[in-house]
Amino acid sequence: MPGIYLDHAATTPVRPEVREAMLPYLKEQYGNPSGLYQLAVEAEEAMEAARKTIAATLGCETEEIYFTSGGTESDNWAIKSAVEAAKKRKDFGTGGRRCCHIITTQIEHHAVLHTCRALEEEGCEVTYLRVNEMGQISVRELEKAIRPDTVLISVMTANNEVGTIQPVREIGKIARRHHILFHTDAVQAYGHLPLPVKRLGIDMMSASGHKCNGPKGIGFLYVRKGVDLPPFIHGGGQERGKRAGTENVPGIVGLGMAARLAHTKMAEREKKTAAMRDYLIRRLLNEVPFARLNGSLRYRLAGNCNISFQFIEGAALLVLLDEEGICAAAGSACSTGSKEPSHVLKAMGLPDNIAHGTLRLTIGYQNTMEEMDRAVECIKKCVARLRQNSPEFEDYMSGRKMPLSFGIRL
Ligand code: PLP
């Protein structure tokens, strides 16, 4: 068990109620939902109950929820199949629809970015929208990027590194006005923000169990009724013929329970999390010199604190924090360990040397204020220790070099 777990954007602990709900389906309730006998019917009923719970959290119909293996698969499915469907349409290749054009952003998760890159290799054209220094896109730029052959807008609800929340409702309105499909990767947002998909004008939405205290390897894609999305995984007739493969019944039951719990007293829990985040940010910015907050103060996930400390390497800080029992991240989970600075911080205009000194602390509802205090003390100590060995810091201290000007301070 770690001393202090502050990496909830990477994954979250499974809630005990979720584990308990799953257990029977890993023990005696092992039926295959496709079967026709009682054991199978019970598995099918449990799966449909989970689907119903999830649909209720989004204000949609149960038939609009498709279970997948998680956020990555949902993103791949939504994007690749939207393009495939567009290419099959009768008017493809006419009236300016020469190829398939997708609009996304420079700060998406790699599940979206690499899918778009793969489609570019197949002849699609992709516009990667810029973001401002807070990590938000401009809806005016989005609208300007629309072309006659634009088939999909894919913009994440909230970013996994800096926690910035995008203007989803406005994007939905633009997409509707131009009759373009709107997909949002809500992997970091689902279970933390209310997402009434109909009111937000969302056509497809990806979510993942392990980001909201559910199990790993399970997620869903919401697909609005009327969107004819071709299947992504071919095989049996599961998920109404759209996503083949024997269903992960324990995972689905766990996801259903996680969804129910995440949407019970959500506002209260997120308020408590945001109070811990604000306290952590305030103390770090006030007590550690040359620290800056990345992202927006206003449009930010309740649990996200992303701070750059000049004159240090984030990866080295992680090692020292690990020795103190603190789990944190330097960038996104998948880019940890890479020498390249995060593509998100780069897109927000952060110079490489500052991006390298970035620490992402992501808070969960089980964390406490005492843990925030302990984390701050450890971070102060570890940053000071790393700076003692930094030639750049020594240059600055001896007056030979000025630090770069810093952004958000409180
Ligand atoms: N999208 C975002 C924004 C994420 O943060 C992640 C995971 O970190 C994913 C997609 C991938 O989700 P999964 O781990 O369920 O495949």
Side-chain angles (χ1 to χ4, degrees), residues 5-14 18 54 65-80 104-118 128-129 131 135-137 154-166 168 171 183-193 195 202 204-222 232-233 243 245 248 251-252 254-255 258-259 262 295 299-306 327-338 342-345 347-348 360-364:
Y5 185 74
L6 290 172
D7 201 15
H8 290 82
T11 197
T12 54
V14 174
V18 170
I54 292 166
I65 301 295
Y66 295 90
F67 292 115
T68 66
S69 66
T72 302
E73 184 190 323
S74 298
D75 286 344
N76 271 264
W77 182 12
I79 298 169
K80 288 187 176 169
T104 187
T105 80
Q106 293 179 356
I107 63 160
E108 296 297 308
H109 188 270
H110 286 135
V112 168
L113 286 181
H114 290 176
T115 303
C116 288
R117 296 257 185 257
Y128 298 92
L129 294 173
V131 292
Q136 264 202 333
I137 61 153
S154 180
V155 176
M156 69 199 321
T157 311
N159 183 264
N160 45 304
E161 294 191 38
V162 291
T164 304
I165 299 165
Q166 299 297 336
V168 172
I171 300 169
H183 163 250
T184 189
D185 173 340
V187 167
Q188 293 290 335
Y190 182 73
H192 301 281
L193 296 176
L195 292 169
I202 297 169
M204 295 180 283
M205 192 190 92
S206 308
S208 179
H210 73 110
K211 309 290 186 179
C212 57
N213 303 100
K216 294 172 184 57
I218 187 73
F220 67 85
L221 181 67
Y222 154 77
F232 181 57
I233 294 183
R243 199 278 186 184
N248 173 1
I252 291 170
L255 174 61
Y299 304 106
R300 189 177 201 103
L301 286 176
N304 181 287
C305 166
N306 185 303
C327 300
S332 69
C334 35
S335 58
T336 301
S338 124
S342 129
H343 67 283
V344 176
L345 298 176
M348 287 162 61
R360 181 188 72 178
L361 303 162
T362 43
I363 304 162

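Indexing begins at 1, ligand by ligand and atom by atom, following the structure's order. Atoms considered below: every heavy atom in the structure, side chains included; atoms not considered: hydrogens, waters and symmetry mates. Everything numeric here is computed off the predicted structure, so don't read it as measured data. All residue numbers refer to positions in the sequence shown, counting from 1.
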Mind checking whether His210 has a heavy atom under 4.0 Å from ligand 1?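 His210: in contact with ligand 1 (<4.0 Å).
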Measuring from non-hydrogen atoms of Lys211 to any atom of ligand 1, is the shortest distance under 4.0 Å?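 Right, Lys211 reaches ligand 1.
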Would you say the side-chain atoms of His8 pair up with the backbone N or O of Gly364, donor to acceptor, closer than 3.5 Å?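 Side chain of His8 to backbone of Gly364, a donor-acceptor pair under 3.5 Å: yes, one is there.
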Keeping Ser342 on the side-chain end and Val344 on the backbone end, is there a donor-acceptor pair under 3.5 Å?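 It does hold such a pair.
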Report, in ascending order of atom number, the atoms of ligand 1 lying under 4.0 Å from any heavy atom of [X].
| X | result |
| --- | --- |
| Met156 | 3 (C) |
| Gly70 | 15 (O) |
| Thr72 | 11 (C), 12 (O), 13 (P), 16 (O) |
| Ser208 | 13 (P), 15 (O) |
| Asn160 | 3 (C), 5 (O) |
| Asp75 | 1 (N), 10 (C) |

Checking side-chain contact (heavy atoms from CB on, under 4.5 Å) for the pair Arg243/Ser69: CA distance, chi angles, key distance, verdict? CA-CA 10 Å; Arg243 199 278 186 184; Ser69 66; 3.8 Å; yes
Among Asp185, Asn159, Val112, closest by any non-hydrogen atom to atom 1 (N) of ligand 1: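 Considering heavy atoms of Asp185, Asn159, Val112, the nearest to atom 1 (N) of ligand 1 sits in Asp185.
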Name the option, out of His110, Lys216, His109, that contains the heavy atom nearest to atom 9 (C) of ligand 1.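 Comparing heavy atoms across His110, Lys216, His109, the nearest one to atom 9 (C) of ligand 1 lies in His109.
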Which pairs with one or both residues in residues 107-117 pass salt bridge (Lys or Arg N to Asp or Glu O under 4.0 Å), sequence neighbours excluded?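 Every pair satisfying salt bridge (Lys or Arg N to Asp or Glu O under 4.0 Å) with a residue in residues 107-117: Arg117-Glu120.
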Could you walk me through whether Thr115 and Trp77 pass the side-chain contact (heavy atoms from CB on, under 4.5 Å) test, one step at a time? CA-CA 9 Å; Thr115 303; Trp77 182 12; over 6 Å; no
Are the aromatic rings of Tyr190 and Phe220 close, with centres under 6.0 Å apart?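 That pair passes the under 6.0 Å test.
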Heavy-atom pairs closer than 4.0 Å: do any link ligand 1 to the side chain of Glu73, the backbone, both, or neither?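 Under 4.0 Å from ligand 1, Glu73 contributes no heavy atoms.
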Taking both backbone and side-chain atoms of Gly71, is any N or O found less than 3.5 Å from an N or O belonging to ligand 1?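 Between Gly71 and ligand 1 (N or O atoms, distance only) the closest approach is under 3.5 Å.
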At what distance, to the nearest 0.5 angstrom, does CD1 of Ile65 lie from CE of Met205?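 Answer for the CD1-CE pair, Ile65 versus Met205, is 7.0 Å.
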For Ser208, side chain to side chain contact (heavy atoms under 4.5 Å, CB included) partners two or more places apart: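 So Ser208 forms a side chain to side chain contact (heavy atoms under 4.5 Å, CB included) with Val187, His210, Lys211.
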